[in-house]
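Here the structure comes first, spelled out in structure tokens, and everything after it is commentary.
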Amino acid sequence: MINSSILNLKLFKLSFICAFFVALLALPGISSAQNETAKKPFDPTPVIMEHIGDSHSWPFVFPLVAEKNIPLPVILYTDKGLEVFSSANLMPEGTVYKGTYYSYKLEEKHIKAVDVAGKVDESAKVYDFSITRNVISMFITMTLLLIVFLSVSSAYKKRAGKAPKGLQSFMEPLILFVRDDIALPNLGIKYARFMPLLLTIFFFILINNLFGMVPFFPGGFNLTGNIAVTLVLSVIILFVVNLNGNKHYWKHIFLPDPWWLFPIMIPVEIVSIFSKPIALMIRLFANITAGHIVILSLISLIFIFGTLWISPVSIVFVVFMDCIELLVAFLQAYIFTLLSALFIGMAIQEHHHEQEVL
Amino acid sequence: MELVTPDIGLVFWTTICFVILLFILGKFAWKPILAAVHERENSIESALLKAEAMKEEMARMTSENENLLKQARSERDSILSEARKVKEQIINDAKEAANAEGSKMIEKARIEINSQKAIAMADVKNQVASLSLEIAEKVLRKQFEDAGKQDALVAELLKEVKL
């Protein structure tokens, strides 16, 4: 009786779950730390780089079991044709796999075509379109986004005209926030056209930021801290801004006010077309990557010192950083969306010289 | 440099994912959600406006009701006072009529009484006259039983007569 009532306590359940995950994280760590300290000083750089970069396998951590690398599909587009095989063939790094057109091996996480002797063949053109860890995680978050928002959307259909409920009431403030605080003030009455883009960008960045903070399975990646992802997002913004730019926008670039400033202003304005998306790209990438690096460095402290006694200090700092990262996750999603809206707003606004940014 | 070199593969997959997300969410999530929110906002606003209008209508109706009530009350008062007046009138009329009738009956009774009295008096007179005549006759008869007395009376009567 007493036992079951204790089990029913929410606090107990919560602490049990926490304890489980702490054990899940700590166990392989302790064992590897014991191995490492005996041999040589721990170098955190490769560990951190491995985490914030991409890879062709998914490192999986189970309690009491050594870390497992789950192989992922490799898709290569070569000058001779398409190659698809499992990355298990390339592991461990350096293993040569003979494909249909070339032989391949992993060199510093990149798949290179090699000749018979195992030397990198520079003449072969190989483009790597593999489903890497980041791509898988993007599929996961994409699926999650689709499930969440399609169900929210159906909730709106089912409960038309009623107050929001459940997941719907959790998402509605965020959607309204994007609409009322990001889109409307910057885009004016034409905001409705850009709402889908802004909402998608906001939630895509937000969910990937948040999942990136989760240290185990559904998370544990660094997607929004990857320059390729932020590049795509900012290129989309670049296109949207310039394809929607009206005549005021182009006049501002090619016919700046005093005519004698043409030689200076035109190059500056042309640079500014590109500098805005580049700033977006680097801001998001740097913020998220920096957060991940800081947290991993703090965790690495335990292994650098080679003692478990430093772990309370590490954990306190990591929890603190996690709180900040949680803020940053929302903040960066907000800032990216806000600046996108601002740039679009500047391109479509009717009145000349209303606000200057950057 | 490794960190800031975008991989072509990830660029490709991100583009595909993002475009799919943008398309599906834009069509099946954002559009209906925003439309629903907008519609709800409109309905709330119109409901508020309607409520305001209703309130005004209510206030108007209340004042109207009050006016009606006041009117009805004054009408009732006037009707009541009129009724009271009519009642008094009726009572007065009835009283007067009763008085008149009463005095008429009293008068009649008096006349009747007088006439009855006169009749009775006349009767009494007749009876007294006949009674007195009878008495006189009896007295005279008694007196004239003896002849001397008759002669004395005749002589006296003759004396009085002067020729």
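This one's a predicted model, so the numbers in the text were calculated from it and none came from an experiment. Proteins get letters first, then strands, A, B, ... in listed order; numbering begins at 1 in each.
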Please identify, among [options], the residue contributing the most non-hydrogen atom pairs under 4.5 Å to chain B.
options: A/Ile75, A/Ile131, A/Thr289, A/Leu176; result: A/Ile131
options: A/Met281, A/Lys157, A/Lys162; result: A/Lys162
options: A/Phe203, A/Tyr156, A/Phe285, A/Phe204; result: A/Tyr156
options: A/Pro164, A/Ala163, A/Ser151; result: A/Pro164
options: A/Ile52, A/Val229, A/Thr132; result: A/Val229

Heavy-atom contact with chain B under 4.5 Å, split by part of [X]:
X: A/Arg159; result: neither
X: A/Leu145; result: both
X: A/Met49; result: side chain
X: A/Leu231; result: side chain
X: A/Phe149; result: both
X: A/Tyr77; result: neither
X: A/Leu233; result: side chain

Kindly check if the number of other-residue, nucleotide or ligand heavy atoms within 6.0 Å of [atom1] ([X]) is above 12?
X: A/Lys190; atom1: NZ; value: yes
X: B/Lys31; atom1: NZ; value: no
X: A/Phe139; atom1: CZ; value: yes
X: B/Glu45; atom1: CD; value: no
X: B/Glu41; atom1: CD; value: yes
X: A/Phe177; atom1: CZ; value: yes

Do the non-hydrogen side-chain atoms of [X] and [Y] ever get within less than 4.5 Å of each other?
X: B/Asp7; Y: A/Asp128; answer: no
X: A/Ile227; Y: B/Thr5; answer: no
X: A/Leu199; Y: B/Leu25; answer: no
X: B/Phe18; Y: A/Leu197; answer: yes
X: B/Ile33; Y: A/Met171; answer: no

Check your understanding: Do A/Ser153 side-chain atoms and B/Phe28 backbone N/O form a donor-acceptor pair below 3.5 Å?
Key -> yes

Calculate, to the nearest 0.5 Å, the distance between atoms [atom1] and [atom2] belonging to [X] and [Y] respectively.
X: B/Leu34; Y: A/Met195; atom1: CG; atom2: CE; value: 4.5 Å
X: B/Ile24; Y: A/Met142; atom1: CD1; atom2: CE; value: 7.0 Å
X: B/Arg40; Y: A/Glu172; atom1: CZ; atom2: CD; value: 4.0 Å
X: A/Ile207; Y: B/Leu21; atom1: CD1; atom2: CG; value: 9.0 Å

Point to revise | Portion of B/Thr15 that has a non-hydrogen atom of chain A nearer than 4.5 angstrom | key: both

**Study point:** Considering all heavy atoms, the nearest A/Pro196-B/Gly26 contact
**Key:**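 Smallest interatomic distance, heavy atoms only, reads CB-CA, 4.1 Å.
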
Review point. B/Gly9, B/Cys17, B/Pro32: which one forms the most heavy-atom pairs within less than 4.5 Å of chain A?
Key: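 With the most close heavy-atom pairs to chain A, the winner is B/Cys17.
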
**Study point:** Leading residue by heavy atom contact count with chain A [cutoff under 4.5 Å; candidates B/Ala36, B/Ala29, B/Ser43]
**Key:**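 With the most close heavy-atom pairs to chain A, the winner is B/Ala29.
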
